[in-house]
Every structure is written in structure tokens, then in C-alpha cells.
Amino acid sequence: MKKYSKFLKKKSLTIFLFHGVIDRNPFKIRNYTKKHLLKEDFIKVLNDLETKGRCISLDEVYLTMKKKKKFKDFSYCITFDDGFYNNFKIAAPILKKKKLFATFYITTNFIDKNEMSWIDKIEQMVEKIKFVKLIYIFNKKFKIQNTHKSKIRFLNSVRRHAKKSKTNFEQLVSSIKSQIGYNDKLSNLNNILDKKMNWSQVKKLNKSKYFSIGGHTINHTILSFLNFEDVKKEIANSIYTIKKKTNIKVEHYSYPEGLKHTYGKREINLLKKNGIKICPSAEFGINTNKQNLFNLKRIFVN
Ligand SMILES: [Zn+2]
């Protein structure tokens, strides 16, 4: 496992971005990006960070930056995006035992309907491919063979294309589905990579003084791709839904995908209007107190 403690710096804040922690991976292709860490690797990462770092909550980050104070040496935060059940089941007990702070950003439709992200749906379909398939998407022809290499090459191209152009993710999923003739279901799956938390588990997490809950939109779409009315809905309704279901006053948020082109002034203003205090991106980097509360950088752990 990489030593993430090398990203801890003097008078700086390093925010780590996790998605999931699993006991074992029951799939061959899925999770090839390692967005879900094996439990033993997760513990190794934490042990390494603990030797040098000082884990703080994002509320402390907010207060430090508001007061224009410098961060203490080797400060770091732990964050989880999307709302996977394995956060509750596997990661949270480990964090609690180690007395480490963490923020969990949840996508409300994932919690409400045990829904999957567009890329998880595509990975699931590609996993199951047994014969050569030709697919036309992004005005291009893709050939997928029943090999590890070919499937991963295809998934990497889909990721690249979908994130740079204004993609309708729902259409992309259904287009691939019909072209390869996929008949199994693509939501409400209960394996360890797809199952999401339910509302009572979200509430339970929030009860711990070490944990906080943040928003991550309703549908996990890229906000900058949407028109103004839809962005307003994604932000305001996700915050309202969390409040309604759990009585949590939401002050934390993270942008889906989180790269530079996925959010801007429009999104930041809407978040502020809806009571959000702090919202990290997924751009790679380490923060000083000069950083803006809505542009904080994170480091993806995989
Ligand atoms: Zn996400």
C-alpha cells in the first residue's frame, strides 16, 4: 500500500477521499480502480497516517479558516463520498475505535432507492460480458472482448469521454444496456460494492461525535452540465431530504466528480445560500489556510 503520510505537510491540511472499504471483492473487473479498499489496506493507510498526522474534523477546518489561523502541522481529514453501506458496516467501526474524525457525503437517491452511479452500472454490465460486443457511443465504435484487458480499456475510455463532454448519463447507461442486450437489474443490488446505507444507518453514523454527514446531490450528476433550475433542485432538495429524513442540519457538501470543470461560481453561490459552510473538490492537492472553503483540494486513496 502507498504511504499516504508523504502527503502530510507542515502548517497544512490534507483531505483524503475514500469511497468504500470491503472484506473481499467478489468480482473480476469491478473495482479495478480500487475505489473500495480492502479492509487490511484501509487499516494500513490509517496506521501510516496516525504515525505522523493529526486527524481533525471538517468543522475544525472551517473554524481554523474562518479565524484565518494556520493549520497545525500534518493536519488531515478523512472523507467518504456517495454513501456506501460498507462505510457504515466496515469503515466506521475501525475509525471509531481509532478515534478518527470522518465526514460522509451522501447522494440522497442512492440512500432512498439503494441506487447505483452510472459508472457502477456500466462496470456491472461490462463485468458480465461473455462474447465480443460492438458498441457505438460518443460517435465512436468500441469493441469489447471477453478479456480483462479489453474490458478495462473500454471502461477507461468511457470514463474519459463521459467526464469531458456534456454527457447525459442516464442515456449513456440505457444505450449501452440495449446495445449489449443486458437483461439483469441495475439498481437495488445488495453486494458489498453496490449496497448503500439506509436512512437509519445514516442517522446512527451521525450520532457519533467523530462523524458528520454531508450532501452529495440527489442523482450524482455533474452539476456544471445542468441548467440552472436543475442545479438548484439537486442542491436544495438533497439538503432538504437529508434534513427531513434524519433531522441533520446539513453544513457539509461535496461535488460529484469534483474536478475543476464540474463546478463553479453558480454552484458555490447556491451551496452558500442553502447553508453549506465548506465543500471540498476532488482536485488533487494539499491545502493551506489561504485556500477557499469551496475549493479545498483532496487526495484520492486507492
Ligand atoms: Zn461521488
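Remember, it's 1-based here, ligands and their atoms both numbered in the order they're listed.
The backbone N or O of H216 sits less than 3.5 Å from a side-chain atom of T107, completing a donor-acceptor pair.
The Zn ion (ligand 1) has no N, O or S atom of H19 under 2.8 Å away, backbone or side chain.
Between E50 and K98 a salt bridge is recorded (basic side-chain N to carboxylate O distance below 4.0 Å).
Shortest distance from the Zn ion (ligand 1) to H220 is reached at NE2 (N/O/S atoms only). For D82, the N/O/S atom at the shortest distance from the Zn ion (ligand 1) is named OD1.
For the pair K177 and Y182, the NZ or CZ position fails the cation-pi test of under 6.0 Å to the six-membered ring centre and within 45 degrees of the ring normal. No cation-pi contact links K11 to F71, judged by a cut-off of 6.0 Å to the six-membered ring centre and 45° from its axis.
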